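In what follows, a structure is listed as structure tokens, so that the remarks can point back to it.
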Amino acid sequence: MTLEEQLTRQIKEAVSNLYAIEADDKQIQLQKTRQGFEGNITLVVFPFVKAARKSPTEVANAIGEQLLSAEECIVERYNAVQGFLNLLIAPSYWIECLKAIDANDRYGCLTCQKETEEGPVQPLMMVEYSSPNTNKPLHLGHVRNNLLGYSIARIQEANGWKVVKTNIVNDRGIHICKSMLAWQLYGNGETPESSGKKGDHLIGDYYVRFDIEYKKQIEELKGQGMDEETAKREAPLIKQAQAMLLKWEQGDAEVRALWEKMNSWVYAGFDETYRKMGVGFDKIYYESQTYLEGKKEVERGLQEGKFYRRADNSVWADLTQDGLDEKLLLRSDGTSVYMTQDIGTAKLRYADYPIDKMVYVVGNEQEYHFKVLSILLDRLGFRFGKDLVHFSYGMVELPNGKMKSREGTVVDADDLMDQMIADAAEVSKDKVNRLTDITPEEAQEIARKVGMGALKYFILKVDPRKNMLFNPEESIDFNGNTGPFIQYTYARICSVLRKAGTTIEPTLKGDTALNEKEVALIQRLSEYPAIVKQAGDEFSPALIANYAYALAGEFNSFYHDYSILNEENEKIQSVRLLLSKNVAKVLRLAMWLLGIEMPERM
RNA sequence: GGUCCGGUAGCUCAGCUGGAUAGAGCAACAGCCUUCUAAGCUGUGGGUCCCGGGUUCGAAUCCCGGCCGGAUCACCA
């Protein structure tokens, strides 16, 4: 039972005795005691003042007295300030609390079950993230997506779900044809080997090239007196790309061979990026393998009168009843669009897995798309349509606005990661006073963990729903509210524990004295499971990050003020060791949920 | 124009399911390493919580109306 639960029960009893108030949980408002007041936890008594017909202070004092005389009293002292009843919890409670935390290696991991005919089972959540297009390398926007998706998967696992991480690779479509066409026209047979470029970067360069040449053609046509709209439609390059897409859908051998070759280059590049980022998937879907299923579903919907065909042969869904527009599902030339593919992918996924909850980690720019997808799936008779969750996160913006691949104003994922690791290596070079016995390989490994930790934390600490700013001119910090700060705290504890040597047995007695900072730390540790729960409910890695920062900060303050290894009182030393060990454990568990590795030395 | 999201210190962000004196980090300034790792700790300065109403014992937080910024409403994905 948590502290809050115990107190809630006792407070209910108290107000019932005192004022005959039958309080519900919502009225029992407990919060952490504010700095500057004595106490650990505070009851807000305003909700009882009216019914009690007493002043707030009187009510607070009366409840305080009741808590002191309660059976299994855990309150040592109390003080009442206006309507706030500050409670100081007895040290023996905190010692027991610490022992319980120590005994649990999977502290903070919750269980979750759903009832079935065969008994309770773990429910399954599928998390889709990353979802790259195979026409360009990953950039910082994708990094946010990948880190969020991966972290969300781990957080939901900690909340008791069975999680299947999935990736839908957008490996076909007009944008892919643009890269292919540009390579065909201007590439002179260039390959990753011949150019020394990573495959995804090579392809990305041709995607940019297409746009440059296309724009030239548009300008030319406009110079001949054509209006912009027509020029965009009539430019030879776009017509060629459309023709190529049509050929692709018709299975043209030559186009397919080119497509296979170029995609294989991209996948080799992506694999490297994912490995460096430390993310992975349990099941990968390719749109080239799901779009036909989508087309079939659209055809079915058409036959069942749920969609309609226009005179130009294109197929549409009328969503005006749902307050939305009309949505294209198949182009007039019969080729499929994004929506078509997503319908097919969804169907296949539900056929492959007993999904209880489907989560799409996709940017907030696609909110309309998922609203429509949900309605379309529902209309097609899929029970899961209504339940899909679009985990909509904000954009990463640069000081001069949004990133645009075609315009080359992107922060490349590979470059950024390399830069972070190089910066970390540079910083640790200055830390000459320690780690003298370390090999260059170990040093590099630490730099990798620290650099990636800085990057991941930088991104994940921000509320995922909000847009965030990245300034390439300013390197990501290694001091203050950062990943390395937390890693450093962890490394320091590891160092202390190494020097303490012997394994620490939790043989603590309830009468051990605790200082304020020790109590604050234990209390902070005790909050962790609730944070994990909340992070799961709200899909927010940021809550975990902020928690870890607060915990590390409190530990650093404690570490500064009190010695652990030089403490002469054995009882006190063993409490401090046990406390340190568990702070390290929770930091590691929390950072694990963010996908951040923790170096034991740095 | 419709819909959605945001606006908190010079900058980047917490806090937002209503509670005490609105918090961190960075940047600036001042201290702390013969003592468990100074990627640390301590302190100083810095705020019309976009504006105006309303609800309430109490509003950065909830409601309404503005202002500003972003996203979206494609035979793009």
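None of the values given here were measured: they were computed from a predicted structure. To find a chain, count down the sequence lines: A is the first, B the second, and so on, and within it residues start at 1.
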Quick check for you: among [options], whose closest atom lies nearest to any side-chain atom of [X]?
X	options	value
F485(A)	A39(B), G40(B), C73(B)	G40(B)
T42(A)	C36(B), A39(B), A20(B)	A20(B)
I174(A)	C36(B), A77(B), U21(B)	A77(B)
Q29(A)	G19(B), A39(B), A20(B)	G19(B)

Stacking check F84(A) vs G19(B) (5.5 Å / 30 deg):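 No; centroid distance or tilt outside limits.
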Under 4.0 Å between a side-chain N/O of [X] and OP1 or OP2 of [N], yes or no?
X	N	value
N479(A)	G40(B)	yes
R34(A)	G23(B)	yes
R331(A)	A77(B)	yes
Y488(A)	A39(B)	yes
S557(A)	U42(B)	yes

Partner residues of N313(A) under the side chain to side chain donor-acceptor pair (under 3.5 Å) criterion, sequence neighbours left out: R309(A)
Nearest-angstrom distance from the residue atom OH of Y78(A) to P of A20(B): 22 Å
Rounded distance in Å between the P positions of A27(B) and A39(B): 14 Å
Student check: side-chain heavy atoms of S336(A) and E249(A) closer than 4.5 Å: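 Yes - at least one pair of side-chain heavy atoms lies under 4.5 Å apart.
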When the side chains of residues 446-460 of chain A are checked against the rest of the protein, which donor-acceptor pairs come out under 3.5 Å, sequence neighbours left out?
unit_1  : atom_1 : unit_2  : atom_2 : d
R448(A) : NE     : E445(A) : OE1    : 3.2
R448(A) : NH1    : E597(A) : OE2    : 3.0
R448(A) : NH2    : E445(A) : OE2    : 2.8
R448(A) : NH2    : E597(A) : OE1    : 3.2
R448(A) : NH2    : E597(A) : OE2    : 3.2
K456(A) : NZ     : M277(A) : O      : 2.8
K456(A) : NZ     : G595(A) : O      : 2.7
Y457(A) : OH     : N481(A) : OD1    : 2.5
Y457(A) : OH     : A545(A) : O      : 3.3

Donor/acceptor link under 3.5 angstrom from D325(A) side chain onto base of A74(B): no
Any N/O donor-acceptor pair, T489(A) side-chain to A39(B) base, under 3.5 Å: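 Between A39(B) and T489(A), which were checked side chain against base, a qualifying N/O pair under 3.5 Å is absent.
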Pair assignment for C32(B), Watson-Crick or G-U wobble, requiring both distances under 3.5 Å: G40(B)
RNA chain B contacts made by residues 561-569 of chain A, counting heavy atoms under 4.0 Å: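 Y562(A), S563(A), I564(A), L565(A), N566(A), in order of number.
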Annotated protein contacts, base or backbone, on nucleotides 7-13 of chain B with a non-hydrogen cut-off under 4.0 Å, one of B, S, - each: S----SS
salt_bridge(R331(A), D333(A)) N-O dist < 4.0 Å: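 Looking at R331(A) and D333(A), the cut-off is not met.
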Sequence-distant partners of Y286(A), ring pair (Phe, Tyr, Trp, His ring centres under 6.0 Å), two or more places apart: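 Residues passing ring pair (Phe, Tyr, Trp, His ring centres under 6.0 Å) with Y286(A): Y267(A).
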Residue pairs, two or more places apart or on separate chains, that pass side chain to side chain donor-acceptor pair (under 3.5 Å) and touch residues 47-57 of chain A: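 Output for this query lists S55(A)-E58(A).
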